[in-house]
2 protein chains.
Amino acid sequence: SKPLAGRRAFATAKTSTIFSPLDTFSSRHIGPDVHEASTMLEKLGFDSMDKFLGETVPPKIRVSPASVDSIPALSESELHARAKELAGQNKPFKSYIGMGYHCAVVPPVILRNVMENPEWYTPYTPYQPEIAQGRLESLVNYQTMVTSLTSMDIANASLLDEATAAAEGMVMAFVSTAQKKRTFLVDPGVLPQTISVLRTRAKGFGIHIVVRDPTEALSDSAVSSDLCGVLIQYPDVDGRIRDYGELTQSVHSLGGLVVCATDLLALTLLKPPGEWGADIVLGNSARFGVPAGYGGPHGAFFAVKDKLKRKMPGRLIGRSRDSTGKPAYRLALQTREQHIRREKATSNICTSQALLANMAAMYAVYHGPIGLKQIADKVHGFTQILQQSVEGFGYKSTTDAFFDTLTFDVTSAAGSADTVHSAATAAGINLRRIDDRRVGVTLDESVTPTDLVALINIFASAASVEPVSLSGLSAPETPAMPTAFKRTSGYLPHPVFNKHHSETEMLRYIHHLASKDIGLVHSMIPLGSCTMKLNSTSSMIPLTWPEFSSVHPFVPADQVQGYHAVIKELEEDLCKITGFHSASLQPNSGAAGEYAGLCVIRAYHESRGEGHRDICLIPLSAHGTNPASAVMAGLKVVSVKVLGDGNLDLVDLKTKAEQHKDKLAAFMITYPSTFGVFEHGVQDACKIIHDNGGQVYLDGANLNAQIGVTNPATCGGDVCHMNLHKTFAIPHGGGGPGVGPICVAEHLSPFLPSHFAIPTGSKAIDAVSAAPFGSASILLISWAYIKMLGGEGLANSSKLALLNANYMAHRLNGHYTLRYKNEKGKVAHELLIDLAEFEKHGLKVTDFAKRLQDYGFHPPTCSWPISTCMLIEPTESETLEEVDRFCDAMIQIRKEAEDIITGKQPKDNNLLKNAPHPMAVIALAEEDWNRPYSRKTAAYPLPWLQEKKFWPTVSRIDDAYGDLNLICDCPSVEEFES
Amino acid sequence: SKPLAGRRAFATAKTSTIFSPLDTFSSRHIGPDVHEASTMLEKLGFDSMDKFLGETVPPKIRVSPASVDSIPALSESELHARAKELAGQNKPFKSYIGMGYHCAVVPPVILRNVMENPEWYTPYTPYQPEIAQGRLESLVNYQTMVTSLTSMDIANASLLDEATAAAEGMVMAFVSTAQKKRTFLVDPGVLPQTISVLRTRAKGFGIHIVVRDPTEALSDSAVSSDLCGVLIQYPDVDGRIRDYGELTQSVHSLGGLVVCATDLLALTLLKPPGEWGADIVLGNSARFGVPAGYGGPHGAFFAVKDKLKRKMPGRLIGRSRDSTGKPAYRLALQTREQHIRREKATSNICTSQALLANMAAMYAVYHGPIGLKQIADKVHGFTQILQQSVEGFGYKSTTDAFFDTLTFDVTSAAGSADTVHSAATAAGINLRRIDDRRVGVTLDESVTPTDLVALINIFASAASVEPVSLSGLSAPETPAMPTAFKRTSGYLPHPVFNKHHSETEMLRYIHHLASKDIGLVHSMIPLGSCTMKLNSTSSMIPLTWPEFSSVHPFVPADQVQGYHAVIKELEEDLCKITGFHSASLQPNSGAAGEYAGLCVIRAYHESRGEGHRDICLIPLSAHGTNPASAVMAGLKVVSVKVLGDGNLDLVDLKTKAEQHKDKLAAFMITYPSTFGVFEHGVQDACKIIHDNGGQVYLDGANLNAQIGVTNPATCGGDVCHMNLHKTFAIPHGGGGPGVGPICVAEHLSPFLPSHFAIPTGSKAIDAVSAAPFGSASILLISWAYIKMLGGEGLANSSKLALLNANYMAHRLNGHYTLRYKNEKGKVAHELLIDLAEFEKHGLKVTDFAKRLQDYGFHPPTCSWPISTCMLIEPTESETLEEVDRFCDAMIQIRKEAEDIITGKQPKDNNLLKNAPHPMAVIALAEEDWNRPYSRKTAAYPLPWLQEKKFWPTVSRIDDAYGDLNLICDCPSVEEFES
Ligand SMILES: Cc1ncc(COP(=O)(O)O)c(C=O)c1O
Ligand SMILES: Cc1ncc(COP(=O)(O)O)c(C=O)c1O
Ligand SMILES: O=C([O-])O
């Protein structure tokens, strides 16, 4: 048994005194304690961590600990106190700014049981559907909610935000003309942040954006002859509802697509875009119970007509069946996705917004169609009362058909907009600032009668008239929408939206779905390249404080000093960690970071008169998002070879760099490589690129191997993105949210993305996300993570991540083939094992992966970056015991495979091929059990499973069947009853 | 399929306008919607709720809705806002008051995943151990932690608070002299609230309490000749640590018991009481990560020497084995408990503090022995620094051997205590108020170096000397404890306390245990008499706000105006609901309420010179706590018969009341009766009692049947208790906490319990709980529940509870025998079915209950109040669908029983006898499956189980084996490894 003394001393500070806090985070975050670390080092033949690092990380790229040591560690309670202090620096204004953002009301049962529940927030993207049926069902609810409310044929399981969703719509329109027609019309009533992001995105594709009244613009033949599509906002930013029926016909007759940005709540009352012919419908679903969070994370929805479904970006969940014929959900039509299509892709979306989509879906499940309509009626009714009252004061409302948003010309009553805004500010209220004459107001579910009176009285005060009181207000008789706009069709008739309306039922539904999904609450999720580490409670707690969660992204800066402090500190710390000069937190996924970084590189070249540089070298081993992002940034991808030892082929790199010397824009490299090895040649490779006029983009997905040990700047990069949802402990949320900030060297700093709400310099590229700081609220998590670990803890985390992986490689050695290692036999923070040798016996990677599910583990990353391999990443948060448990499982499966190889078990009916074994299969009636092994062996192959085992809920799922018989919504009443 | 329109309209207010909130609580709390309610009424043959009530509740006791209508309903968001407002009225002082209460640091992973997790807080007491192994394991961890730290042989799974635990210890000492010796010595260093509660409790037993220095007192032969035991506090209220070795020997030689109140954290450093001979060791475990909460809820621990184990009060968890031989936990030695021993019991403890005990156990699991010692060393070290510094200012510390508490004579340095308290108040700090000369200070884990400096500088300021700064402080060299007191023995060597020290491991352990336990998150828990209704998130949220959770119970009243508002409003609302005049929220369980109510009745009689009245009439059908409470209040129990129709035998009642006329003190009655029927004779019964000089105690366990329909005052009672953890939605916490307030008629009001911290009138009985408002923080839950439902929602809840039960009775009719109903065939809010008819076929209640587990349900209350029966209570929170699912399961089991009766299945090897069937049994190897039914039938007897089923984790547990081989701690290293 283990010695008790000093168990976790490894991770505690060197010089602790009685005044040092005891609730140090690194001792909780890092799995192995000092004893376990020595055991592992010993097994690997080392007597010190330094010697181990010496053989693992190339000495020439090592950095001094001083690079991060200036980040002090706060204890968990100190962090809490600091977060409270910063929360207090955000001012609790009530915002009626609108522009796509609302103060959502999160039903408490969803807040506590989804958003604050690690069973929901810690799982990964549901690539292993047999252990993810809960999230998959919920995402199908989301898709169904979207298609039903929009009246479209099919919807995906969320995109990053409304603005990038609109950009995806634009690109689809462009692509649907075979990239021949380049003009994309944008109605001036579209949200300004959407227009910014469209401008950025249009550039790489060579699309011409025309912002102009569409009907008018179509009479311009320069537009109509080159039109690929049009984007309208319904209702628009000023609140206006217009009839787009005719416009749609015109656009269609010109062969273009109509893309409609809209609002799900409004659609409970308004004729849905699908009914008047829109081809693509998108928007932000956050007002369905997702906090504003100073801009995000929120789920964007995206729905298309059936004919466009195979071109639709993003993840799509479909219903299929498992090997026993039972219905089961899984990711559908994956060949559409960027990781398959690589440079043929026109979207790079990978991590999306699963958690937020699930919250929105649960909101619809909880309220149901009637509840949603009640909410919409109330919001609309209050808006009508506001209009009547304010017009009564002499203001002029510029809109008569509206849902929740009004624009007033204030000159007649108040002289200027400033007068109104001053009155609002004095009352702790934000209105939309438009110009000198006009003021905008948007209402939402959170507005109480008292709020409404206060709001009306701002206008009274600015007009120097008597204030109103609640008793003086009366409910409107009819809605302020011409009949033609009224929704007549029903929505959400599916049983799931009509039965979970009591809190008890809702609670059970939420927990029932959660019980089907494996997460970090169960066991290690050793997904290579995904860095599934602890998502600590301390870092999650501030997130749902109202001071952080209820903030509109476009409030004046003086109201968000707390947020700005977090942002500044996080930017500074990320720069220390990467060795770079400046950071942008705007990109809201790793892929979005790649795209932003490449756009920055292009802007840099342009600024030097080298805008023609458009070649991007990318190794064959790169993640699929890399080439996809390059294409989106307008670059041409040239592949670089990889050697037999997994290293980059520097000769090939040099040849191609020189060959494309004049047009070389960038080189994208992942470090340590996606093969899990620190290559020695990284600095040489970067030099080759620089010598040939290019810039180096470092994909930081593997940054967890580097902190305090090396850094992207030292490796030779110019820009890198980080996945805060990997290295910096933002939970993966079952498929998002994520944050993909970029850090850049000084020469690239001026080009980092700007945003109209928080403009940066004049050289900056336009926005890449809807909100100035992307998914701002979850930045708190990474900020807390870094602050609590401090420099020393961060470095220790990386070191232990390397140690855990190498120990694992050591244990699996002899059982499996390690595909790549460095010249000392060491891997980085992950390892690639090759299962090719089993193929001749009929066993594939999937068979091993599915069998791992029977051992209660989430399988490692499968068939990527090499189709016959598994990429395994334990991270620093896993203890030796857990790492051993995983290795035991892998070794036992190897033995099971041996029985198949030697013919003890038949090739087509065995433990691996039949895996996973859900409870319903184990419980098959005696006559139906036709397997040459016992149920006990199937279910409990190792003794510890008797005490603790996570069970898959369905058998192996048939992907092909699902893609052939595509169904992406939830069961209808009829199906449900049959 | 159901019509969609107006689904939940039933529960929404009659006159809703656009200004009415949409997030009304009653529509979420009440399970059935208007459509379901009509369906049920229709099936029962009614066209209105009123007609149904007319046949269910005796018209003469009906009250007008006006009785509760004056309670308006707040929406969920309005409640939130109101709670925030009240939170703001509590002042955030830092308290160093000590006296048994500390500012505990709750590890965030425990806060979020235990305290705020409905999987942990919604289950019932683990009477069904096969579906409660998680909590049971955790409670065994608690017991182990207590025995190991105290060095005692055996500990129970918590008592209500330290003061009542001390009272239990005193009574054990008394009982162990066969109730012959009546003097119980109490050291003056014992906490004052403990002494108060002892005084109250001593009265009923006729024990003489002598508060006096024990060594001195023992030389008094009046004391020594009559001594049953002595209570000491270690360390005592002033912080002193004394050597009780000699005293213990003297007490033992006189045949008395030594009862020691102590502090678990101190025991990591101090020689534990078990090592110097204490017989009973108890205390409050709240400083192990349970918030102060203005007094509770907290777990009290209680440990004894082996020889006393069968006399120990409270729940005890033991290890046994299941029918397959697998180790399994369950409640042990239940024959000790009050529900079996009834009037032979000397303790009435039933609901205890499982959730808080589990939090404390998890705290020990997370910190482990080393972590606990680090915390203790730091607390002690800071206390030493405080002593040195403050003595440096000229104050005199009255203690030299101490752990965390100091008492200073302040006269020399500051003149008077007031000067020091004024300085403290100005700094937002509370110190202990003792008298004019002395001031007390207690430190805890939450104290930071900055806090310490501020604390020291209060004394500096009061002495008008220069303040110190952190840099001027230095760590002490050696502890301030004579070597003789130092702990030399180890503690907590068990693996469970030495492996879950990373947050990831801890998270997984918490979730793993939770996954074994059925709770309201899974399915209906139809426990009769327990009222397992929705524990809404809205009502739980304010509980963990620091403004409510971090408040010491003895702070000045002006710091807790928010709390006092909640308390006042709750008292008023409970009075409206019961029809009574005043309330006391002090009792912290239903049984404690019974006891308090009876003490109030006795005090009333005494005040009228009728202190000799000591007969308590109790029907045979009463809950076991009733007679136990009566005995504790010094009453003699006389049983009253029950008729064949379940009604009270009024003739017998009259005879006995008249027979005991001169000594009649009280009559205890549960209404509706424990048989689940509204008796018509309740008012007559009460009149009989009143006519004979007695008072009527109404056990309010069944109050959920009454609200807005009838009330205890109208029924004829003088006092009643409520179980806030039943009727008023405090979650049961897996076996506590609870709150058992009492409401009384005006003539009893002056006698309600007082407390030194918030004294009431001079006629009041002394305290019954340690804190003035008992488990104050959870009062927020019931307050929120009542405020959100409002009078109308409360009444609707009771009505729907009645309807659900009657619908269930209707559905089960023909399948099972309904034991009792009223003359119209109606039951109240629960129903009693009798399984006696199956006994001749060898089938017992347990067989049906265990088989229900296989259907994913928690069984109803079994074998109580009649051994052959099940008592079923659905509550209003269950939807028709869930009620039907439960009935379907019961009916299917009846069919399975039929196969046994008709011989289709053998009598000893069948679905019922072998139930429950955990996964490990379903997965038995083929050769081990020797059952005459298929695994599928065992696991999935009804189709919906394929989609959703909660699984038991062990087979049926062998109770007898466990009691014979009693083991009440967790596996040791050796066991673990074998
Ligand atoms: C190497 C690499 N690059 C980029 C990405 C894309 O990141 P995201 O999913 O956040 O868009 C991933 C995601 O797994 C990755 O592994
Ligand atoms: C009728 C009755 N009275 C009293 C009690 C005791 O309440 P508590 O467990 O809160 O002490 C119960 C508990 O179930 C009960 O059912
Ligand atoms: O808690 C009960 O004993 O019912």
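Bear in mind the structure is a predicted one, so any value in this text is a computation, not a measurement. Below, chains carry the letters A, B, ... as their sequence lines are ordered, and counting in each starts from 1.
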Please look at [X] and chain A and tell me whether the side chain, the backbone, both or neither of the residue comes under 4.5 angstrom of a heavy atom of that chain.
X	result
B/A939	side chain
B/H367	both
B/Q374	both
B/S536	both
B/L22	both
B/K326	side chain
B/E505	side chain
B/M540	both
B/F382	both
B/P495	neither

Please flag which part of [X] lies under 4.5 Å from any non-hydrogen atom of chain B: side chain, backbone, both or neither.
X	answer
A/T544	side chain
A/N113	side chain
A/I375	both
A/P476	side chain
A/K516	side chain
A/L945	neither
A/F19	both
A/Y366	both
A/L924	backbone

So do the side chains of B/M919 and A/M919 get within less than 4.5 Å of each other, counting heavy atoms only?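 Contact flag for B/M919/A/M919 side chains = yes.
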Minimum side-chain heavy-atom gap A/H511-B/E119 below 4.5 Å: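 Yes; the side chains approach each other to less than 4.5 Å.
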Can you tell me how far the [atom1] atom of [X] sits from the [atom2] atom of [Y], to the nearest 0.5 Å?
X	Y	atom1	atom2	result
B/D33	A/K499	CG	NZ	12.5 Å
B/D928	A/S934	CG	OG	8.5 Å
A/S502	B/E881	OG	CD	10.0 Å
A/E878	B/T504	CD	OG1	6.0 Å
B/S474	A/I18	OG	CD1	10.0 Å
A/H522	B/S515	NE2	OG	7.0 Å

Positive for side chain to side chain donor-acceptor pair (under 3.5 Å) with B/H512, one of A/K949, A/K948, A/E947: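 Going through A/K949, A/K948, A/E947 one by one, the side chain to side chain donor-acceptor pair (under 3.5 Å) with B/H512 is satisfied by A/E947 alone.
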Qualifying residue, where the test is side chain to side chain donor-acceptor pair (under 3.5 Å) with A/T537 and the options are B/R112, B/E503, B/E116: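 Running side chain to side chain donor-acceptor pair (under 3.5 Å) over B/R112, B/E503, B/E116 with A/T537 returns exactly one hit, B/E503.
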Taking every heavy-atom pair that is under 4.5 Å apart, which of [options] has the most such pairs with chain B?
options	value
A/M524, A/E445, A/Q133, A/M506	A/M524
A/P118, A/P449, A/S523	A/S523
A/P918, A/A475, A/A920, A/G381	A/A920
A/T122, A/V521, A/L507	A/V521

Under a 4.0 Å N-O cut-off, is there an ion pair linking A/R508 with B/E882?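 Yes, this pair counts.
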What are the two closest heavy atoms between [X] and [Y], and how far apart are they?
X	Y	answer
A/P21	B/K378	CA-NZ, 3.7 Å
B/I541	A/L111	CD1-CD2, 4.2 Å
A/P108	B/S538	CG-OG, 3.3 Å

Using a 3.5 Å distance criterion without hydrogens, assess whether the side chain of A/E926 forms a donor-acceptor pair with backbone atoms of B/R935.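 Looks like yes, one N/O pair under 3.5 Å.
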